[in-house]
Amino acid sequence: MTIQKEVNKRKTFAIISHPDAGKTTLTEKLLLYGNLIRSAGTVKGKKSGKFATSDWMEIEKQRGISVTSSVMNFSYQGAQVNILDTPGHEDFSEDTYRTLTAVDSVVMIIDGTKGIEAQTIKLFKVCRMRGIPIFTFINKMDREGKEPLELLEEIEEVLDIETYPMNWPAGMGKRFLGIFDRYEKQFVKFNGNEEETYIPFHELDQEVELVSQPTFEAARDELELVEEAGDEFSLDAILQGEQTPVFFGSALAPFGVQTFFDTFISLAPNPKPRKSTEGVIQPDNQEFSGFIFKIQANMNPAHRDRVAFLRVCSGKFERGMSVKVARTGKVIKLSQSQQIVASTRDTIDEAYAGDIIGIYDPNVYQIGDTLIGGKGKFEYDELPQFPPEIYKKVTAKNVMKAKQFRKGIEQLVQEGAIQLFRGHRDESFILGAVGELQYEVFQYRMKNEYNVEVLFETIGERIPRWLNREQVDPSLFDERNLLVRDREDNFLVLFRNEFALNWFKDKHPKIDLIDLFEVNSYDQTT
């Protein structure tokens, strides 16, 4: 079979949402349809010992949240599906942002009872910035919530994107009757259980009891209004990320999930060409290539292993093949390769452009590394970096455990959820993170995976600015404006606040203060 045929089967997408919008529940239902699991464990059911398949880390089970991006692969209706279930918690947004570089489309879940929330806006902006097609699933229609027209208006105004409702709900909460499936021209009746009744539009008048209900009549009138005044369906606009198809349903019931997924599979894009330093690389290029967007230490605590998550961008991957790490020129044999569903893993012998696989990391990879199977000398675009918002000094409670402490920091920092800096004067370890939860997870994992208890000393919120090495004068800095080095040994200053930053600029106008994150964001949009 040609590489092109295999590439055309691939559907690789991420599921994004605000915490508690129902993301993990929806993911579980999709895994059921892919015959990957027999029953969906729910995050809420902690007492029964059932946990969501996509939540594998012990702290996730305790807290009922996803803090790592899980990858799930399965076949469905002739397609090869790769789902990335991203953390919804805002403190883990950096991991989520990087994950979005590895997908071809996203499913955005909105809680119908709450509408668009802050985290959804952040994630959405990254998708728009990268031109990623967005499919919207409005969840929890079996509860009382916002009116459908209000939700559509909110999506269009807040997110600045056209909407096209693929279906239309009849009622909500206790009055919820089902959905008008515009795409398949049928009414899907909600029966209050997992059974769905499909009634073609031209047969609806025979369902006298259903169509005579005031809720049904009101929904039909609304649908007429939407069809007259709403945007026209445009697959081109969807694939450009300018229009979002909107689906209404309930992941928990489950209702409307099957029709959503079937429609999504038929519309979602196949793997796309990728920008590199040598121009655009086509997915059906015979030469294997891919990039690492995530590294996870200790996925199997008993083996102290490290797994690098690789997005295959072109050609065919074969287990045992030798590849070159473009950054270092080092050649590595990929003999341990896996498909991963949370904590369970299966050896994978081959993969094609669009697939996400886990490869063993002998401590040589970095996030963003390009791997090439042939003679090419290109690198894929740099992955975006995001500025930490909180900084803390970290030390080992027991000084006798310095070796484990250093190893733990080195490995967990390589995963990219926290960033490491070293104090210029005292060589202290300083961690930067987007939110408090990352420190909790770091502390938990250091204790459970490396047997090291750590202590934090808060430095607070800081504004990072990098310096040119030749302009560094340590006498200009103190605790308020802290001189530190990053992992690449570059100098930067952690300014206490905007006032301190501006004061320094006025006092030392000849010293260049570089905002690396602004540079990175700009690079991604050009």
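None of the values given here were measured: they were computed from a predicted structure. Computed from heavy atoms alone, side chains included, the values below leave out hydrogens, waters and symmetry copies.
- The pair K377-E278 does not meet the salt-bridge criterion, since no charged nitrogen lies less than 4.0 angstrom from a carboxylate oxygen.
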Mind running ring-ring contact (aromatic ring centres under 6.0 Å, His included) on F317 and Y352 for me, showing each step along the way? CA-CA 6 Å; F317 164 86; Y352 294 86; 9.8 Å; no
Can you list the steps and then say if R311 with T12 is a side-chain contact (heavy atoms from CB on, under 4.5 Å)? CA-CA 10 Å; R311 154 78 191 219; T12 303; 3.8 Å; yes
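- The aromatic rings of F264 and F13 sit perpendicular to each other, their planes meeting at more than 60°, with 30° as the lower class boundary.
- Note: Y380 and F378 meet the aromatic proximity criterion, with ring centroids under 6.0 Å apart.
- In this structure, N490 contributes its side chain and D486 its backbone to no donor-acceptor pair below 3.5 Å.
- Using a 4.0 Å cut-off between a side-chain N of Lys or Arg and a carboxylate O of Asp or Glu, R496 and E479 do not qualify as a salt bridge.
- Under a cut-off of 6.0 angstrom, the local environment of CZ in R422 is crowded, with over 12 non-hydrogen atoms contributed by other residues, nucleotides or ligands.
- The existence of a salt bridge linking K275 and D381 is excluded, since no basic side-chain nitrogen approaches an acidic carboxylate oxygen closer than 4.0 Å.
- For the pair R445 and Y450, the cation does not sit on the ring face, since its NZ or CZ is not both under 6.0 Å from the ring centre and inside 45° of the axis.
- Looking at Y391, its side chain never comes within 3.5 Å of a backbone N or O of A433 through a donor-acceptor pair.
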Between D111 and N139, is a side-chain hydrogen bond (donor to acceptor under 3.5 Å, both in side chains) present by the stated rule, with each step listed? CA-CA 5 Å; D111 185 332; N139 195 20; over 6 Å; no
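- One side chain, N270 or K11, offers a donor N or O that lies under 3.5 Å from an acceptor on the other.
- Side-chain contact check for D355 and N82: at least one donor-acceptor pair (N or O, by modelled atom type) lies under 3.5 Å.
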Before you tell me yes or no, could you show the steps for F495 and F504 under ring-ring contact (aromatic ring centres under 6.0 Å, His included), namely the whole-Å CA-CA distance, both residues' side-chain angles and the distance that decides it to 0.1 Å? CA-CA 9 Å; F495 288 99; F504 188 89; 5.5 Å; yes
Where do R327 and D369 land on the salt bridge (Lys or Arg N to Asp or Glu O under 4.0 Å) test, with the steps shown first? CA-CA 7 Å; R327 176 178 52 86; D369 270 350; 2.7 Å; yes
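- Taking the six-membered ring wherever Trp is involved, the centroid distance between the rings of F429 and F421 does not fall below 6.0 Å.
- Taking the charged nitrogens against the carboxylate oxygens, K407 and E449 have no contact shorter than 4.0 Å, which rules out a salt bridge.
- Once rounded to the nearest 0.5 Å, the distance linking NZ of K393 with OG1 of T458 reads 11.5 Å.
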Criterion salt bridge (Lys or Arg N to Asp or Glu O under 4.0 Å) on E287 and K375, from CA distance to verdict: CA-CA 8 Å; E287 189 175 270; K375 293 178 181 175; over 6 Å; no
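- The closest side-chain donor-acceptor pair between T244 and T136 falls under 3.5 angstrom.
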